A.B. asks: 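What follows is a single structure, and I will ask about it in a moment.
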Amino acid sequence: MVEEEKTLENTKNWSRELEKRIINEINSLDFTFSLNTEKEIFSLDTPPPYTSGRPWHLGAAAQYSKIDILGRSQRMLGKEVLFPVGMDRNGIPVERYTEKKNGISIKDTSREEFIKLCKESLDELEGEMLDILKSFSYSGDFKNVYRTDSASYRALTQSTFIEMWKKGMIIRGTRPSNYCIDCGTTIADAEIEYKELDTNLVYFYFKIKDSDKKILVASTRPELLGACSVILVNPTDDRFKEFVGKTAIIPIYEKEVKIIAHSYAKAEFGSGAVMICSYGDYNDMVIIKELNLKETILIDTNGRMNENAGEKLKGLKVNKARETIIKLLQDYGAVDKIEKIKHRTPMCDRSKIPIEIIPMDEYYVKVTDIRDRLIELANELEIIPEQHKQILINWLKVSNDWPISRRRYYGTEIPLWYCNNCGEPLVPEEGKYYIPWKELPPEGSKCSKCNGDKFTGDTRTFDTWMDSSVSALYVTKYLYDKEFFSKTYPMTLRPQGIDIVRTWLNYSILRNYQLTEKLPWKTAWIDGMGLDEHGEKMSKSKGNGVDPTIVIEKYGADAFRFWAVSEAMPGSNFMFSESRLQGSSKFLTKLWNVARLIKQFPAQEDRPTITESDRWIIEYTKKITNECVDAYKKLNPYLPANKIREFIWNVFAPHYLELIKARAYGEGFSEEEKESALYTLNSTFKELLLLLAPITPFITDTIWRELYSKESIHYQNITNFPEEDNTILETGEKLMEFNKKVWNLKKEKKISLRDKISIEIPQELKPFEKDLIKMHNIE
RNA sequence: GGGCCCGUGGUCUAGUGGUUAUGACGUCUGCUUGACGUGCAGAAGGCCAAGGGUUCGAAUCCCUUCGGGCCCACCA
């Protein structure tokens, strides 16, 4: 038995079931980008989603829905749209996921094997992500999905590094670095988060050299005592005046340190005297640099104390060492008291453990010397909404050189070898993908310094932002197609979330400027975050994410998309709410039923003489169209969604459709008057469908094909109309007021809306008289 | 401590100087009206956070206060 085909005639509600009937067809529409076009090019540097764990909470899916609406609307505005789909596949999260999934540790798995397992995880996760994108008919270029771990992408990342190396933009240095012991790598400032943790503030005494006096110091990091390089007291603090310039003896270690007056020491905190150690926190770094002190390193990269910490602490982990040193100090008789305090601790935002500051040999991208230029560029960039520009500017003002080397496996390899004889780095030519940890350098390579020919490859990888920050260069074929690049770069738009302004947006501007001396795009579109029903940001780590696939299955992709875009202005956070989503779904059913009504009447293609009632709704629709088209041009799809919903639900359906029903049925009207209604009904509804098509691609295309054309609505264009006389719209307002008055009157009289009523039609509504008499059954 | 953003009916949200402030969800009342009960019609509900100022006129501009969010710095 063949199931009855669901159509406008026999289905009352819009549903996911109806979407599934046409999803394959809609997803196979051809939007292939063509370089040889007369049209204006509109290109999107879309965020390649991070394939790092179980995919996507609803906030992310909502963001991609909005991006798709931007792409679709520009297409319908007649632009040639370059709409890439990418997958960000590098970095630590996938390593974590792979370790967990396979029950292995990166430390005891061979690099080759580990990478293979990561790739398997990624392929599986990527498939799920692509399925979600397709489930709501994301219309990006799925035929050319790019992957940041592909040989061609990694070759680009490496080439841009080599180019920057040659331009002197890469520096190498041992600097105190943020180091996460768990990740086993240095991390960028942007990856640090702060947390209030309970900790002990330990008060203990240093003896003063050649004196029987003692100075009291307070520290949260007593295990670094052996690295103490100076004691600071505030110059205005009278308690310590006598000690300034004296020498103190470090308890246990019996080493000498100076006591110096420095405004950094705050009299009101702790004992008023602070010991500076390499490196307890950022300030230690700043002070040691400022006073040009010698650093002593006590913690190694495994998070254990080294020989500098002394026999008693050597080999202990940091926390254990802290406990131990407190005991040792107590035995020594130096401890005055221990205070419990809340301490704002820098944490690795992935491992959730405190970071250590350890000097590492790392590569950096120079930022500080071009910071002013970057701020200028940020000001030149159009940012939507404008207010979010400040986030970028504020960050630029304080950003430092960017550490880019990572000691991990799954990332783009740093394309360098080092001469076995003298250690000089060997830099290969741009254009190829190099894997120095397992490959020899290009044949015939000689050390530029000592002419040696034996090399060892760098084993490190790049920070993943090194890859994703050149996405605009990859999708415009910077390395691979000069003509394509020259016609598509700089791109039109970077759409992204507000949460990665400091990272993706910032690093992209930096890198593209360094390589091309230009901004990578004209406009950045910064969306807010998806919040859960309590107003908290949805994130994988919090586990408060709502699964978008369940929501889409239940309410349909169009309802989800309409909800996503109508919920908040671009840039504002949006809270998930099932009842609002239901509201969107109701609207689609409303639209569906308007279409069902229209389908009952024959189509009227040729334009007859238009009655005043019809002229009113035609002019009103023009006004709505103009407002929506303008909003789409300004990359604001929030406005069209709400305007159209409002118009259809509060004007078009209750007032206009009721006004012309009788005429459309042809009862008591001339053939010409009937034709006017049928023509108007279809021409205005067609316009509304077109305006909605970028937002709700399923329902609009279904209706379009049943009512108007075999050719998909998504191949049509939307344009605005020339300004016209609006006086009829004012009369229309009076018309709607009159309708409400009649409805109220009938309600007061407790009679049915169908019943006869006697009421005078105002003079100004005479042009609508015939329709009104029929509509309200006026005697 | 510094910066940025925000504060509109129960909830969410438009609205940046001009008549009775937008819409949605929810609430209440009535209704099978030729597409829609996931509907239709109607109603209630807001001193636009508070105070002051500019203006003929302020939700809108300025100042102050209070409250919320985010960011930066600092917290030995």
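In what follows, chains carry the letters A, B, and so on, assigned in the order in which the sequence lines appear, proteins first and then strands, with residues in each chain numbered from 1. This structure is a prediction, so every number in the text was calculated from the model and none was measured. When reading the values below, keep in mind they use all heavy atoms of this one structure, side chains included, and skip hydrogens, waters and symmetry mates.
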A.B. asks: Could you check H388(A) against T589(A) and say which one's nearest nucleotide on RNA chain B is further toward the 5' end?
C.D. replies: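 The 5'-side residue here is H388(A).
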A.B. asks: Kindly indicate whether a cation-pi arrangement holds for K337(A) with Y203(A), taking the cut-offs as under 6.0 Å to the six-membered ring centre and within 45° of the axis.
C.D. replies: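 Yes, a cation-pi geometry holds between K337(A) and Y203(A).
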A.B. asks: Is there a side-chain contact between R754(A) and the phosphate of U32(B), meaning an N or O under 4.0 Å from OP1 or OP2?
C.D. replies: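 Answer is no, no contact under 4.0 Å.
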A.B. asks: Which value, in whole Å, describes the distance between the P atoms of nucleotides C4(B) and U64(B)?
C.D. replies: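 One P to the other, the span is 12 Å.
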A.B. asks: To the nearest angstrom, how far is L597(A) atom CG from A35(B) atom P?
C.D. replies: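 Interatomic distance, CG of L597(A) to P of A35(B): 7 Å.
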A.B. asks: For a quick check, with a 4.0 angstrom heavy-atom cut-off, what is the B/S/- contact string for nucleotides 18-28 of chain B, read 5' to 3'?
C.D. replies: ----SSBSS--
A.B. asks: Determine whether the aromatic ring centres of F204(A) and F206(A) lie less than 6.0 Å apart.
C.D. replies: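 Between F206(A) and F204(A), which both carry aromatic rings, the centre distance is below 6.0 Å.
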A.B. asks: What's the spacing between I69(A) CD1 and Y638(A) OH if we round to 0.5 Å?
C.D. replies: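 One gets 13.5 Å once the value is rounded to the nearest 0.5 Å.
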A.B. asks: Nearest to the side chain of Y665(A), which nucleotide is it out of G34(B), A14(B), U33(B)?
C.D. replies: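 The closest nucleotide is G34(B).
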A.B. asks: Decide yes or no on ring-ring contact (aromatic ring centres under 6.0 Å, His included) for F652(A) and Y620(A), but give the supporting numbers first.
C.D. replies: CA-CA 9 Å; F652(A) 192 77; Y620(A) 208 143; 9.9 Å; no
A.B. asks: So, E706(A) and R596(A), do they make that salt bridge, N to O below 4.0 Å?
C.D. replies: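 Here E706(A) does not pair with R596(A) in a salt bridge, since their nearest N and O are not under 4.0 Å apart.
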A.B. asks: Under a 3.5 Å cut-off for both distances, is C4(B) Watson-Crick or wobble paired, and to whom?
C.D. replies: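 With both distances under 3.5 Å, C4(B) matches G69(B).
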A.B. asks: When rounded to the nearest Å, what value does the distance between P atoms of U65(B) and G2(B) take?
C.D. replies: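 Roughly 11 Å separates the two P atoms.
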A.B. asks: What nucleic acid atoms does E9(A) come within less than 4.0 Å of, heavy atoms only: base, sugar-phosphate, or nothing?
C.D. replies: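 Result for E9(A) = nothing.
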A.B. asks: For A43(B), which nucleotide in any strand shown is its Watson-Crick or wobble partner with both distances under 3.5 Å?
C.D. replies: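 The answer is U27(B), by the H-bond criterion.
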A.B. asks: From the set A14(B), C36(B), C40(B), return the single nucleotide nearest to any side-chain atom of L753(A).
C.D. replies: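 Looking only at side-chain atoms, L753(A) lies closest to C40(B).
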A.B. asks: Closest-nucleotide mapping onto RNA chain B: is V217(A) or K661(A) further toward the 5' terminus? I mean the 5' end.
C.D. replies: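 Residue closer to the 5' terminus by nearest nucleotide: K661(A).
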A.B. asks: Regarding A273(A), tell me which of base, sugar-phosphate or nothing describes its non-hydrogen contacts under 4.0 Å with the strands shown.
C.D. replies: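 If one applies the 4.0 Å heavy-atom cut-off, A273(A) turns out to touch a base.
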A.B. asks: Expressed in angstrom and rounded to an integer, what is the separation of I500(A) atom CD1 from C71(B) atom C1'?
C.D. replies: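 Those two atoms, CD1 and C1', are 16 Å apart.
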A.B. asks: How many whole angstroms separate atom CD1 of I648(A) from atom P of U38(B)?
C.D. replies: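 Nearest whole value for this atom pair: 20 Å.
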A.B. asks: Calculate the interatomic distance between I391(A) atom CD1 and C71(B) atom P; express it in whole Å.
C.D. replies: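 So the two atoms are 9 Å apart, to the nearest Å.
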A.B. asks: Once you round it to whole Å, what is the distance between C1' of A41(B) and CG of L657(A)?
C.D. replies: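 Checked: the CG to C1' distance equals 16 Å.
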A.B. asks: For C36(B) and K12(A) - does any side-chain N or O of the residue sit under 4.0 Å from the phosphate oxygens OP1/OP2?
C.D. replies: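 Looking at the OP1 and OP2 atoms of C36(B), one of them is under 4.0 Å from a side-chain N or O of K12(A).
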A.B. asks: Decide if the gap between the ring center of F587(A) and the ring center of F562(A) is smaller than 6.0 angstrom.
C.D. replies: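 Yes, close enough.
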A.B. asks: I would like to know whether F576(A) and W563(A) meet ring-ring contact (aromatic ring centres under 6.0 Å, His included); could you show each step before the answer?
C.D. replies: CA-CA 9 Å; F576(A) 176 65; W563(A) 167 79; 5.8 Å; yes
A.B. asks: Nearest to the side chain of E567(A) - C40(B), A14(B), C12(B)?
C.D. replies: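 My answer, after comparing the listed nucleotides, is C12(B).
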A.B. asks: Pick out which of W743(A), W649(A), F738(A) makes a ring pair (Phe, Tyr, Trp, His ring centres under 6.0 Å) with H655(A).
C.D. replies: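 Exactly one candidate clears the test, W743(A).
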A.B. asks: Using whole Å, report how far NZ of K740(A) lies from P of C40(B).
C.D. replies: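 Interatomic distance, NZ of K740(A) to P of C40(B): 13 Å.
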A.B. asks: Between the base of G34(B) and the side chain of E658(A), is there a donor-acceptor distance below 3.5 Å?
C.D. replies: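 In this structure, the two groups form no donor-acceptor pair.
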A.B. asks: Taking atom C1' in both U19(B) and G57(B), what distance in whole Å separates the two?
C.D. replies: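 11 Å, rounded to whole Å.
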A.B. asks: Quick one: H655(A) NE2 to C40(B) P, roughly how many Å, whole number?
C.D. replies: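 Taking NE2 of H655(A) and P of C40(B), I get 12 Å after rounding.
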A.B. asks: Mind checking who U54(B) pairs with, Watson-Crick or G-U wobble, both distances under 3.5 Å?
C.D. replies: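 Its partner: none found.
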A.B. asks: Hunt down the Watson-Crick or G-U wobble partner of A35(B), both distances under 3.5 Å, from any strand shown, or write none.
C.D. replies: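 Because no pair has both required distances under 3.5 Å, A35(B) counts as unpaired.
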A.B. asks: Taking atom C1' in both C28(B) and A50(B), what distance in whole Å separates the two?
C.D. replies: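 Looking at atom C1' only, C28(B) and A50(B) are 32 Å apart.
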A.B. asks: For nucleotides C62(B) and A43(B), find the distance between their P atoms and express it as a whole number of Å.
C.D. replies: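 Roughly 38 Å separates the two P atoms.
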A.B. asks: Does L639(A) offer a backbone N or O that forms a donor-acceptor pair with the side chain of Y632(A) under 3.5 Å?
C.D. replies: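 Not a single qualifying donor-acceptor pair exists.
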A.B. asks: Mind checking the C1' distance from G67(B) to G30(B)? Whole angstroms is fine.
C.D. replies: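 To the nearest whole Å, 42 Å.
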A.B. asks: Using 4.0 Å as the upper bound for N to carboxylate O, is an ion pair formed by K774(A) and E658(A)?
C.D. replies: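 Salt bridge: no.
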A.B. asks: Select one nucleotide: of U38(B), G15(B), C40(B), the one nearest the side-chain heavy atoms of N13(A).
C.D. replies: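 For N13(A), the side-chain atoms sit closest to U38(B).
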A.B. asks: Under 3.5 Å, is there an N or O donor on one side and an acceptor on the other linking the side chain of K590(A) and the base of U38(B)?
C.D. replies: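 No such pair is found, so the answer is no.
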A.B. asks: Mind checking the C1' distance from G18(B) to U60(B)? Whole angstroms is fine.
C.D. replies: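 Looking at atom C1' only, G18(B) and U60(B) are 11 Å apart.
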A.B. asks: Return the value, rounded to whole Å, for the distance between atom NZ of K643(A) and atom P of U13(B).
C.D. replies: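 Spelled out: NZ on K643(A) to P on U13(B) is 18 Å.
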A.B. asks: Taking only the P atom of each, what is the distance from U22(B) to C48(B) in whole angstrom?
C.D. replies: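 Per the computed distance, 14 Å lies between those P atoms.
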